[in-house]
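Here's the structure, in C-alpha cells; my notes come after.
One-based numbering along the sequence shown.
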Amino acid sequence: MRKLLLVLDDSQECLNAMQFAAMRAEHTGASIEIISVIPPEEFNHWIGVGAVMREEARERINAHFEIFAKWMRDRHSVNPELVIREGEILTEILTYIKEDKNISVLILGAGDGNKGPGPLVTQLARNSGSLPVPITIVPVSLSKEQLEAIA
C-alpha cells in the first residue's frame, strides 16, 4: 500500500502538513506513517538520567501523536502509524525511507518566518536530487480551504 510519510515535531508548520496529509490520504486511499526522531543531545547525560529523558521523550511523542491520530481518524477516516527513531533527524528520515519501499511521498511543513522554511526543509531540499521519493512541502500560510483545494 502507498504510504505518505510525515515528520512529527513541535513546530507550527507541522500542523498544516498533518492537515494536508490527512486530506490527501483520504482522497487517494494512501496510508500515513508519522516519524518522530529523538535527537542524541536530548539524552547525552549520565546513563540513568539519559534513560529517563529518553522515556520521557517517547511519552511526549506518543501523547502528541495520539492527538493527531484521533483527529485524522475522526475527521478523515485515516489511521496513521507512529515510528519513533533516535539519532540525527535527517539521517533517520532518509534511512527509514530507504527501509520502507511503500513510502511514496515525504510531506513536510514549511515555515514563513525570517529564518526560512526550517532546517529540515532546507537540508532535504539540498539533497532532493538523490532522494528515492518526492517531497511535498506545505507552507504554513495556507488556509484550510486552500489545503482542501490542493489535496
Side-chain angles (χ1 to χ4, degrees), residues 1-43 54 56-151:
M1 170 180 265
R2 190 183 123 166
K3 294 181 186 177
L4 309 177
L5 181 64
L6 289 122
V7 177
L8 175 65
D9 59 23
D10 295 330
S11 69
Q12 180 68 30
E13 52 267 21
C14 178
L15 299 174
N16 260 19
M18 291 286 174
Q19 285 186 331
F20 174 79
M23 291 181 225
R24 187 76 183 142
E26 181 180 31
H27 293 140
T28 64
S31 64
I32 294 179
E33 290 250 326
I34 298 175
I35 188 169
S36 189
V37 180
I38 302 169
E41 61 269 7
E42 278 199 30
F43 45 83
R54 185 179 290 115
E56 288 173 352
R58 286 181 176 278
E59 289 172 7
R60 186 176 65 247
I61 290 166
N62 278 308
H64 201 168
F65 168 76
E66 282 306 319
I67 293 167
F68 286 117
K70 181 178 181 346
W71 177 83
M72 287 182 182
R73 285 189 296 268
D74 293 349
R75 295 266 179 116
H76 298 284
S77 301
V78 175
N79 193 26
E81 292 186 28
L82 176 64
V83 174
I84 300 175
R85 296 282 184 111
E86 295 179 9
E88 296 298 329
I89 189 164
L90 183 60
T91 302
E92 293 303 320
I93 290 169
L94 295 175
T95 300
Y96 189 70
I97 290 171
K98 289 175 185 168
E99 290 172 1
D100 190 336
K101 302 298 181 202
N102 291 320
I103 294 172
S104 60
V105 178
L106 172 61
I107 300 174
L108 300 171
D112 64 354
N114 58 1
K115 294 182 182 176
L120 185 58
V121 172
T122 301
Q123 289 175 325
L124 283 165
R126 285 187 195 131
N127 295 307
S128 61
S130 62
L131 292 177
V133 298
I135 302 172
T136 298
I137 300 175
V138 182
V140 70
S141 60
L142 292 180
S143 68
K144 181 181 176 187
E145 293 76 22
Q146 290 171 310
L147 291 172
E148 287 174 348
I150 61 174

Taking C-beta and beyond as the side chain, do [X] and [Y] meet within less than 4.5 Å on heavy atoms?
X: Glu88; Y: Pro40; value: yes
X: Arg85; Y: Thr95; value: yes
X: His76; Y: His27; value: no
X: Met18; Y: Ile34; value: yes
X: Ile84; Y: Asn62; value: yes

Provide the closest heavy-atom pair for [X] versus [Y] in the form atom of the first, atom of the second, distance.
X: Pro117; Y: Val121; answer: CB-CG1, 3.8 Å
X: Ala17; Y: Gly109; answer: CB-N, 3.6 Å
X: Lys3; Y: Asp100; answer: NZ-OD2, 2.6 Å
X: Leu4; Y: Ala30; answer: CG-CB, 4.0 Å
X: Pro132; Y: Lys98; answer: CG-CG, 4.4 Å
X: Val138; Y: Leu142; answer: CG1-CD1, 4.4 Å

Nearest-0.5 Å distance that lies between atom [atom1] in [X] and atom [atom2] in [Y]:
X: Leu82; Y: Glu66; atom1: CG; atom2: CD; value: 8.0 Å
X: Ser31; Y: Ile103; atom1: OG; atom2: CD1; value: 9.0 Å
X: Asp10; Y: Ile61; atom1: CG; atom2: CD1; value: 8.5 Å
X: His64; Y: Leu8; atom1: NE2; atom2: CG; value: 5.0 Å
X: Thr91; Y: Gln123; atom1: OG1; atom2: CD; value: 8.5 Å
X: Leu108; Y: Leu5; atom1: CG; atom2: CG; value: 8.5 Å

Query raised in the report: Is it the case that more than 12 heavy atoms not belonging to Arg2 sit under 6.0 Å from its CZ atom?
Result: yes
Report task. Verify the neighbour count for atom CD of Gln12: are there more than 12 heavy atoms of other residues, nucleotides or ligands below 6.0 Å? Result -> no
Please tabulate, for the side chains in residues 144-151, all donor-acceptor contacts under 3.5 angstrom to protein atoms that are two or more places apart in sequence or on a different chain.
residue: Glu145; atom: OE1; partner: Ser143; partner atom: OG; Å: 3.4
residue: Gln146; atom: OE1; partner: Ser143; partner atom: N; Å: 2.8
residue: Gln146; atom: OE1; partner: Ser143; partner atom: OG; Å: 3.4

Report task. Quick one: do Leu124 and Leu94 satisfy side-chain contact (heavy atoms from CB on, under 4.5 Å)? Show the steps, please. Result -> CA-CA 9 Å; Leu124 283 165; Leu94 295 175; 3.9 Å; yes
Requested in this report: Please say which of Leu106, Val83, Leu131 ends up in a side-chain contact (heavy atoms from CB on, under 4.5 Å) with Ile93.
Outcome: Leu106
Query - Chi angles and distances behind the side-chain contact (heavy atoms from CB on, under 4.5 Å) call for Val133, Val105 - result: CA-CA 6 Å; Val133 298; Val105 178; 5.9 Å; no
Query raised in the report: Excluding sequence neighbours, so at least two apart, what forms side chain to side chain donor-acceptor pair (under 3.5 Å) with Gln19?
Result: none
Query raised in the report: Has the side chain of Asp112 got a donor or acceptor atom that lies under 3.5 Å from a matching backbone atom of Pro139?
Result: no
Query raised in the report: Under the side-chain contact (heavy atoms from CB on, under 4.5 Å) criterion, do Ile89 and Val7 qualify, and how do the steps go?
Result: CA-CA 9 Å; Ile89 189 164; Val7 177; 4.1 Å; yes
Requested in this report: Please step through side-chain contact (heavy atoms from CB on, under 4.5 Å) for the pair Leu120 and Glu13, ending with a clear verdict.
Outcome: CA-CA 12 Å; Leu120 185 58; Glu13 52 267 21; over 6 Å; no
